[in-house]
Asks: 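This is the structure I have questions about; it appears just below.
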Amino acid sequence: MGVFIVFAMLFMQIYTIGATVPAVIVFGDSSVDAGNNNQIQTVLKSNFRPYGRDFFGGKPTGRFSNGRVPPDFISESFGLRPYVPAYLDPAYNISDFATGVCFASAGTGYDNTTSDVLSVIPLWKEVEYYKDYQKKLRDYLGDQKANTIISEAVYLTSMGTNDFLENYYTLPNRRSQYNINQYQDYLVTIAESFIKELYSLGARKVSLGGLPPMGCLPLERTTSFMNGNGGTCNTNYNKVAMAFNGKLSGLVERLNNELPGSKIVFSNPYPIFEQIVQKPSSFGFASASVACCATGLFEMGYMCDQYNPFTCSNANTYVFWDSFHPTEKTNRIISNHLFKTVLSTLL
């Protein structure tokens with residue numbers, strides 16, 4: 001009898017999750033891009049092997065990993081599909097997007113000048129695609145049902161790393177205008193405007209994603225090594241990530257008080273990611289300092305192709321897939337942790 005009650009409760013929990021969140025809607029950069037960059041003119045693509053080799057059917061979709069990325073796992077945890085399709089992917093249409101859609105573009109950031117670096121989709125354009133999606137959704141389902149999906153959906157946002165690593169610390173323009181603290185504040189004002197615009201368009205359940213310990217990306221470790229620092233994490237970059245996360249957390253607290261009926265959460269990957277990087281063996285990994293793909297020191301995108309003889313055979317033993325992006329296993333661990341500790345409160 002006790003076992004039956006437990007199973008009944010589990011079934012009800014799964015059913016409730018499925019009924020409560022009708023869709024997962026995604027904005028951001030390569031940490032969450034499901035393949036939108038496949039359809040634009042940019043060098044930043046990953047729609048070729050060995051990317052996607054552990055995805056369903058071994059298909060390279062344009063996700064910057066060997067398999068799934070966090071929104072795919074989060075969608076599954078909410079009782080929806082185990083993947084979230086890219087809005088620009090011609091293989092899908094509005095009937096697919098009604099339960100989840102991704103507008104993210106690898107290489108983008110809060111700052112419009114960040115998207116210019118690699119000619120990718122800026123955040124304002126992601127929002128324009130979302131407005132287009134809303135119109136198609138209303139045409140497809142009618143206003144009432146579409147409005148319910150829009151207001152009950154969970155909105156996942158994840159970006160900011162490129163603003164610092166590909167823009168501020170790489171190009172001179174923003175550094176000549178802002179010190180690092182001022183630049184963080186500038187990005188936070190953009191994040192605030194972005195969330196308020198989503199709110200004005202009907203969004204109510206929003207997860208604002210924080211930064212990982214970006215100084216521990218294999219690319220940054222390699223740079224540290226080249227600079228004579230022994231291949232350690234760039235502690236300055238990690239301090240910036242933590243400071244920026246603190247400001248985003250404060251923004252979330254403020255917006256919850258300002259926007260009636262909203263439920264905004266801060267999904268901070270930093271602590272769990274730091275644990276994985278510092279003690280990889282505790283999570284079943286053999287390596288956290290180099291990536292699986294190619295030499296694992298600096299390659300990503302086109303430098304990480306199927307002809308590179310150095311690519312590892314088992315990505316599950318690596319924290320990172322390429323020099324900038326986690327493996328599917330790491331994405332799963334972080335997503336499951338964030339779902340249990342933060343995102344489940346949006347139910």
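What you see is a predicted model, and the numbers here were worked out from it, not measured in a lab.
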Asks: Looking just at side-chain N and O atoms, do S105 and N37 make a donor-acceptor pair shorter than 3.5 Å?
Replies: yes

Asks: If every non-hydrogen atom of S262 is compared with every non-hydrogen atom of L255, which pair is closest and at what distance?
Replies: OG-O, 3.9 Å

Asks: If you take all heavy atoms of L88 and N36, which pair is closest and at what distance?
Replies: N-OD1, 2.9 Å

Asks: Examine the side chains of S224 and N234 and answer whether a donor and an acceptor come within less than 3.5 Å of each other.
Replies: no

Asks: So with a 6.0 Å cut-off around CZ of F225, is the heavy-atom count from everything else above 12?
Replies: no

Asks: Output every pair passing salt bridge (Lys or Arg N to Asp or Glu O under 4.0 Å) with a member in residues 110-121, not counting sequence neighbours, ordered by first then second residue.
Replies: D111-R174

Asks: Taking ring pair (Phe, Tyr, Trp, His ring centres under 6.0 Å) as the criterion, tell me which of Y183, F164, F266 meets it with F244.
Replies: F164

Asks: Tell me which pairs pass salt bridge (Lys or Arg N to Asp or Glu O under 4.0 Å) where either residue lies in residues 147-157, with sequence neighbours left out.
Replies: E152-K205

Asks: Check whether Q134 reaches the backbone of L201 with its side chain - one donor and one acceptor, N or O, closer than 3.5 Å.
Replies: yes

Asks: Do any N or O atoms from the side chain of E328 and from the backbone of R68 form a donor-acceptor pair under 3.5 angstrom?
Replies: yes

Asks: Do L118 and W124 belong together in a cluster built from hydrophobic side chains that touch within less than 4.5 Å?
Replies: no

Asks: So, are E128 and K131 salt-bridged, with charged N and O less than 4.0 Å apart?
Replies: yes

Asks: Assess whether atom CE of M303 is packed by more than 12 heavy atoms of other residues, nucleotides or ligands within 6.0 Å.
Replies: yes

Asks: Cys pair C312/C292: SG distance under 2.5 Å?
Replies: yes

Asks: Can you tell me how far OH of Y133 sits from CD1 of I25, rounded to the nearest 0.5 angstrom?
Replies: 4.0 Å

Asks: Does Y87 have its ring centroid less than 6.0 Å away from the ring centroid of Y130?
Replies: no

Asks: For F310, give me all partners under side chain to side chain contact (heavy atoms under 4.5 Å, CB included), at least two apart in sequence or on another chain.
Replies: T295, N308

Asks: Tell me whether the rings of F97 and Y92 are parallel (<30°), tilted (30 to 60°) or perpendicular (>60°).
Replies: tilted

Asks: Where the side chain of D163 meets the backbone of G109, is there a donor-acceptor pair that is under 3.5 Å apart?
Replies: no

Asks: Report the residues that fulfil side chain to side chain donor-acceptor pair (under 3.5 Å) with N181, sequence neighbours left out, ordered by chain and then residue number.
Replies: K247

Asks: Under the ring pair (Phe, Tyr, Trp, His ring centres under 6.0 Å) test against F320, which residue among F273, F64, F298 passes?
Replies: F273

Asks: Starting at CD1 of I272, measure out to CD1 of I334 and round the result to the nearest 0.5 Å.
Replies: 7.0 Å

Asks: Check for a donor-acceptor pair, side chain of T99 on one end and backbone N or O of A23 on the other, with a separation under 3.5 Å.
Replies: no

Asks: Which residue pairs pass the side-chain hydrogen bond (donor to acceptor under 3.5 Å, both in side chains) test when at least one of the two sits in residues 335-347, sequence neighbours left out?
Replies: none

Asks: Determine whether N66 and Y318 satisfy the following criterion, side-chain contact (heavy atoms from CB on, under 4.5 Å), listing intermediate values before the conclusion.
Replies: CA-CA 11 Å; N66 58 304; Y318 285 77; over 6 Å; no

Asks: Restricting to pairs with a member in residues 110-147, which pass disulfide (SG to SG under 2.5 Å), not counting sequence neighbours?
Replies: none

Asks: If you group Ile, Leu, Val, Met, Phe, Trp and Tyr by side-chain heavy-atom gaps below 4.5 Å, do F73 and L346 land in one group?
Replies: no

Asks: Is there a path of hydrophobic side-chain contacts, each under 4.5 Å between heavy atoms, that joins L156 and I121?
Replies: yes

Asks: Applying salt bridge (Lys or Arg N to Asp or Glu O under 4.0 Å), can you list everything that pairs with D72, at least two apart in sequence or on another chain?
Replies: R63

Asks: Looking at residues at least two apart in the chain, or sitting in another chain, which of them share a ring pair (Phe, Tyr, Trp, His ring centres under 6.0 Å) with F55?
Replies: none

Asks: Using a strict 4.0 Å threshold on nitrogen-to-oxygen distance, state whether E76 and R332 make a salt bridge.
Replies: no

Asks: Considering residues at least two apart in sequence or located in another chain, which fulfil the side chain to side chain donor-acceptor pair (under 3.5 Å) criterion with D322?
Replies: Y51, H325

Asks: What pairs of residues pass the salt bridge (Lys or Arg N to Asp or Glu O under 4.0 Å) test when at least one of them lies in residues 37-61, not counting sequence neighbours?
Replies: none

Asks: What pairs of residues pass the salt bridge (Lys or Arg N to Asp or Glu O under 4.0 Å) test when at least one of them lies in residues 265-285, not counting sequence neighbours?
Replies: none

Asks: What residues, two or more places apart in sequence or in another chain, satisfy side chain to side chain donor-acceptor pair (under 3.5 Å) together with N268?
Replies: N245

Asks: Please give me the minimum heavy-atom distance between D29 and T108, naming the atom from each residue.
Replies: CB-O, 3.6 Å

Asks: So, S200 side chain and E197 main chain: donor-acceptor pair closer than 3.5 Å or not?
Replies: yes

Asks: Can Y186 and Y168 be counted as having a side-chain donor-acceptor contact under 3.5 angstrom?
Replies: no

Asks: So does G28 get a backbone contact from the side chain of S158, meaning a donor-acceptor N/O pair under 3.5 Å?
Replies: no

